Amino acid sequence: MKSWAPPSMPDLPASPGTVRVRDSRTGEPLPVGRDGLASMYVCGITPYDATHLGHAATYLTFDLLNRVWRDAGLTVDFVQNVTDIDDPLLERAALTGQDWRDIAERETELFRTDMHALRVLPPSHYESAVESIPDVVSLIGQLPPAHAYTVDGDTYFHSAAVGQVCGWDRPAMETVFAQRGGDPARPGKRDPLDSLLWRTEREGEPAWPGALGPGRPGWHIECVAIALRHLHAPISVQGGGRDLLFPHHDMCNAQVLALTGRPLADAFMHTGLIGYQGEKMSKSLGNLVLVSQLRQRGVDLAAVRLALAEHHYSQDREWDEALLARGEARLQVWRAHADAPATDVLDEVRAALRNDLDTPAALALLDSCCAGATTEGGVTDGATLRAVADALLGVLL
Ligand code: ZN
């Protein structure tokens, strides 16, 4: 499906280098990308509601990685999905009397508008779950028999490799599995943690033809199908919010291991959750700050980027008006010094960002460009604060 138009991107002086990110499996930094290439799969939205700041923080983090890789001289292949058929979407359709396709189309379009307004580089491949269904059917057919079985017509994935990404013990996995769409207690399953590959047609639900009879795909296999269609495992990074660590990314990895003998990714990267009014920002709690509302309020989204970059991406953060005000204040100062040379700090900014996207350090270094100490002599090589902020941070001054 179509993505969105790319933002402009100023050139900085070339600076090949190595980018490291923290792998969730070990907590240790790993070099990601090799031989001039990097590949990234970032799990997309389920389009039943608008993009909130929790989503934005995640997608801005991986946009930062995309920019930092490019700046280090790598060619980036970035793939993202839209889960445009899933239980929450059908539930929203039933609740509101709308067609699930209309909701998905409308919310996906709003997401594109939000991402474009945030100056997020678009994916090279943007694919919806519905588009992936022929690949899902094909992949299920390719699974070794030991990994797939049916319960009352529904097909499940079975693997001993579950838990490799999250590293949790079984009681912890079983508890969270139930909270995040899994069905550990269903009779007939070989293992409580087996996940749905294909849900056979139910009355009143959409269904697609397949070798397993009419039905629709389970959640994890959609991302596997889209990732393997466009990228080769292991990809450099699979990313998403920390609530995707288990079961989603764990199950994706186990399925790719079963299909290819290789892990899905070299590194699994997860962003911290964004809180608001003391709770995690979530659709179910209703405490959302929507990107589209901020746009309507006239908030400059460059200030939102700066506000969210104030803390490291892996930290849980609280969104409030004070944080936004600090982002706006910093933006104002940077704009007043947009033509200041940033050459003296550029190497250090790059080193900070290539070290697990250390945005607090990068912001502090760029703040120093505004202090007056480095503004003498004018700019000769184009590395102004404006160029560095735009190319590396996506912040337009
Ligand atoms: Zn996914």
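Just so it is clear, the values below take in all heavy atoms, side chains as well, and ignore hydrogens, waters and symmetry mates. Numbering of ligands and ligand atoms starts at 1, following listing order. Everything quoted here is computed from the prediction, not taken from an experiment.
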What residues, two or more places apart in sequence or in another chain, satisfy salt bridge (charged side-chain N to carboxylate O under 4.0 Å, His left out) together with R67?
D63
Only counting residues at least two apart or in another chain, list the ones meeting ring pair (Phe, Tyr, Trp, His ring centres under 6.0 Å) with Y313.
none
Near E105 CD, under 6.0 Å, is it more than 12 heavy atoms from other residues, nucleotides or ligands?
no
Looking only at side chains, do D194 and Y149 share a donor and an acceptor under 3.5 Å apart?
yes
Atoms listed for the Zn ion (ligand 1) (protein only, N, O or S, under 2.8 Å, no waters) are C43 SG, C223 SG, H248 NE2
Report the relative orientation of the aromatic rings in H147 and F157; use parallel for angles under 30°, tilted for 30 to 60°, perpendicular for over 60°.
parallel
F78: partners by ring pair (Phe, Tyr, Trp, His ring centres under 6.0 Å), with sequence neighbours left out
none
